[in-house]
Amino acid sequence: MEYSENVKFIPWVGPEYEYGIRGFDNNGHIIYGTKENPGIKVAVLGDSHYCANQSEAVKTITNTVIKDLLQKESEFEQYKNTYTKFIKSFTGYIDEFTNDSKIEAWQHILFYNYVQEAMERPRQSPSEKQFSEAQIPFFEILEKNSPDVIIVWGKRLYNNLPQCGKQYPDLDLTPDLGNGCSMEIWAYEVKGKWIPIIAINHPSGAYSYKKWATAIRCFIIKFLENEGK
């Protein structure tokens, strides 16, 4: 897919992204869509890339990172824990996690880092200007890939997303996580379709597998129910 020059870092789009997610089994494990029985398309939104050497900040960097994650023989680097923590909670395969389940998950999702400039050091916060300038390419990604739901990594990013759109009813997590546990849901309208968004803790920091696996599962199931799928 071709993108405009506004998109500095093109997204990872899994080869089975269009088939999406069908739901979860009785054990809370994800069920993927197929060509014959597709589900909903899931986009995952990260904050920004970090490049100590700015020459590495090329248009294909996101795809290079994900492809490296999927290589068994690839050398371990600390940042990879961030992606693994997320995929464990996304799939529900927390204790039974395997390399095959990791690979299958990435085949079915879109991943895009919102800020279109690489940070110079780890955990560096993008500037207000960088967040603002990322709005136009972000909506281009949504228009061209038409996700049904978006999972956002971190409250910092969520709070710096475009202010347009509308708030949906809160997502109730009470049955799994106790009384009064709910989450805010925002949504954007793109080409006549409303796309709901949930923000989880950034998986690079303190991260509860159970809580975020529950939140992701409830979020996707709620959308499936609303769409009658």
Whether Lys166 engages the ring of Trp186 as a cation-pi pair (distance to the six-membered ring centre under 6.0 angstrom, angle to the ring normal within 45°) should be assessed. no

Distance alone, cut at 3.5 Å: any donor-acceptor contact between the side chains of [X] and [Y]?
{"X": "His49", "Y": "Thr62", "result": "yes"}
{"X": "Gln130", "Y": "Glu117", "result": "yes"}
{"X": "Tyr79", "Y": "Ser204", "result": "no"}
{"X": "Glu184", "Y": "Tyr158", "result": "yes"}
{"X": "Ser146", "Y": "Lys191", "result": "no"}

Can [X] and [Y] be counted as an ion pair, charged N to O under 4.0 angstrom?
{"X": "Lys41", "Y": "Glu18", "value": "yes"}
{"X": "Glu140", "Y": "Lys144", "value": "yes"}
{"X": "Asp95", "Y": "Lys88", "value": "no"}
{"X": "Asp68", "Y": "Lys80", "value": "yes"}

Using every non-hydrogen atom in the two residues, find where Phe97 and Ser101 come nearest and quote the distance to one decimal. CD1-OG, 3.5 Å

Reported CH2-to-OG1 distance for the pair Trp12 and Thr64, which is rounded to 0.5 angstrom: 10.5 Å

